[in-house]
Amino acid sequence: MEHVQHWIDGQLTAGKSDATAPIHNPATGEQTAELALASTADVDAVVASARTAATAWRSASLATRTKVLFAFRQLLAEHADEFAAIVTAEHGKVLSDAAGEVARGLENVEYACGVADLLKGDFTEQASTGVDVYSIRQPVGVVAGITPFNFPLMVPLWMCASAIACGNAFILKPSEKDPSASLLLARLWQQAGLPDGVFSVLQGDKVAVDGLLQHPQVDAVSFVGSTPIARYIYETGTKAGKRVQALGGAKNHMMVLPDADIDVAADAAVSAAYGAAGERCMAISVVVAVGAVADPLIDAIKTRIPGLRIGPGDQDGTDMGPLITAQHREKVVDYIDRGEREGATVVVDGRGNSSERGYFLGCTLLDDVEPDNVAYTDEIFGPVLSIVRVDTYEEALALINDHPFANGTAIFTRDGGAARRFQFDVQVGMVGVNVPIPVPVGYYSFGGWKSSLFGDTHMYGPEGINFWTRRKVVTSRWPDPGSSKIDLGFPTNGDH
């Protein structure tokens, strides 16, 4: 059986711990590999390697960094099919979805390839007589990314490409459920010419996470996952004096107005709710149907669900794969059970599509969901779509704005004025207008509001560059030695 290891100082290593965890194929339920779990000694080793590498890498010219990034981008594209196969085998999502994950990750690498322009500072000549003032960006140092199971390639690329471009040494702690893509990333970084130790992989569980959060030589931590863990990451990391960005959970609403195209809205709702078995932080999990649109919209969604083919992600024609684990499948089933007990109407019941072999669950559509129903309040993270009926746009807006999660949202309408009003009024970090999954392109930044984000900085794009660098302002004067004198007053910018 394959033994998935760490990548430290440019090579695979089993580490110093005997602890392991199984890796399963979600489509079959069979164990396919064994994962090495890091000890505190392994944390110390990877940080020490990264610290040594960071000292040299921060001195590398922007031309050198750019050359490595372009080479890495090319290698990533050449291995796209291999990455997709790895993701499908360990996560379970269909190959086309896994290929889309590779493509969106590539966007972030391409953005980071422009590092020479992204790291430009500012310069003011003659701020005072003979005095120039300028700002520069410098790397944070040793940084870590703690990434989720649902995007084992894309989210690491959200982090590592910009972090490395900015001159940091990056330690990746991937999910223990689907870690193999991280090791192919490591090999490609090395082939691209990145010095050993600048990109490392630490496999593990909470021991590894806590070790990185508390290690005095780790300067910054980026995280994507559930809200309870995001809150823990943020509080623990900042208490230890680190810069932290922690992206949490979501309950993304899709408002559908009476004037919307029913077919377009139904196609979007089905795609955004059930893609990747609903295991996306940007999945649409609630449709807010306004007024008379509810009945025809629900009928349109209902008729589309039987056409979805559920099965192993590597089989041709499959639309939706399994959930990540048997335990998570049972958790999603429990949410459906509780939602029904609390008054929701089960229009389409996916519970009968579960199987003993693999962690499959069918698509579920719930109608008449009330705001106090657990199917509405909680992030289910599965193929469950809830319909909430309201009478007016104002009710729909209030419903969305009152929810503690504020990651993504969408409105479907033909009315440009209503759409513009929505994007102005809604209190959510990412907004789609007739776009159900509004994940920003790589040259903008990704992140929600409220309980969907802990910290002040969104991920990748311009805000990612801000997170992975520190600004330094230099005030410079080259005086005539004969004009120097003692002045105990506070310096000002007057003409002196």
Find out whether [X] and [Y] are in side-chain contact, i.e. whether some heavy atom of one side chain is under 4.5 Å from a heavy atom of the other.
X	Y	answer
P156	L185	yes
W468	S222	yes
R470	R137	no
F422	T413	no
I387	V347	no
F381	H328	yes

To check you understand the geometry: which heavy-atom pair defines the closest contact between [X] and [Y], and what is its length?
X	Y	result
P174	T147	CA-OG1, 3.4 Å
L257	A418	CD1-CB, 3.8 Å
L323	G382	CD2-CA, 4.3 Å
L213	K242	O-CE, 2.6 Å
K450	I400	NZ-O, 4.4 Å
A144	F170	C-CE1, 4.2 Å

What distance do [X] atom [atom1] and [Y] atom [atom2] have between them, rounded to the nearest 0.5 Å?
X	Y	atom1	atom2	answer
Y274	R280	OH	CZ	13.0 Å
M1	T32	CE	OG1	7.5 Å
K93	T88	NZ	OG1	8.0 Å
I336	I380	CD1	CD1	7.0 Å
E342	L366	CD	CG	11.0 Å
N252	M282	CG	CE	5.5 Å

Quick one: does any side-chain atom of [X] pair with a main-chain N or O of [Y] as donor and acceptor, under 3.5 Å?
X	Y	result
H91	A98	no
N401	Q427	yes
D259	D415	yes
E2	A33	no
R104	V439	yes
K173	G204	yes
K177	E90	no
Q245	T457	yes
N168	P139	no
N108	G461	no

Exercise answer: donor-acceptor pairs, residues 19-27 side-chain atoms, under 3.5 Å, sequence neighbours excluded:
from: T20; atom 1: OG1; to: E34; atom 2: OE2; distance (Å): 3.4
from: N25; atom 1: OD1; to: A27; atom 2: N; distance (Å): 2.9

May I have the list of side-chain donor-acceptor pairs in residues 224-234 shorter than 3.5 Å, sequence neighbours left out?
from: T227; atom 1: OG1; to: G249; atom 2: N; distance (Å): 2.7
from: T227; atom 1: OG1; to: S451; atom 2: O; distance (Å): 2.9
from: Y232; atom 1: OH; to: K206; atom 2: NZ; distance (Å): 3.3
from: Y232; atom 1: OH; to: D210; atom 2: OD1; distance (Å): 2.7
from: Y232; atom 1: OH; to: D210; atom 2: OD2; distance (Å): 3.4

* **With S452 via side chain to side chain contact (heavy atoms under 4.5 Å, CB included) - residues at least two apart** => F405, N407
* Taking everything shown except D334 itself, do over 12 heavy atoms lie less than 6.0 Å from its CG? -> yes
* To do: Mark yes when over 12 heavy atoms from residues, nucleotides or ligands other than R420 sit less than 6.0 Å from its CZ; otherwise mark no.
  => no
Sequence neighbours excluded and cut-off under 3.5 Å, please list the side-chain donor-acceptor pairs for residues 285-302, or say none.
from: D295; atom 1: OD1; to: R389; atom 2: NH1; distance (Å): 3.0
from: D295; atom 1: OD1; to: R389; atom 2: NH2; distance (Å): 2.9

* To do: Could you name each residue pair satisfying ring pair (Phe, Tyr, Trp, His ring centres under 6.0 Å) that touches residues 437-464, not counting sequence neighbours?
  => W158-F446, W158-Y460
* **From V47, I146, D42, residue fulfilling side chain to side chain contact (heavy atoms under 4.5 Å, CB included) relative to L202** => D42
When the side chains of residues 305-316 are checked against the rest of the protein, which donor-acceptor pairs come out under 3.5 Å, sequence neighbours left out?
from: R309; atom 1: NH1; to: D316; atom 2: O; distance (Å): 2.9

* State whether D337 and R351 are salt-bridged, where the test is any N-O pair (Lys NZ or Arg NE/NH1/NH2 against Asp/Glu carboxylate O) under 4.0 Å. => yes
* To do: List the steps and the verdict of side-chain contact (heavy atoms from CB on, under 4.5 Å) for T409 and M255.
  => CA-CA 8 Å; T409 189; M255 183 194 297; 6.0 Å; no
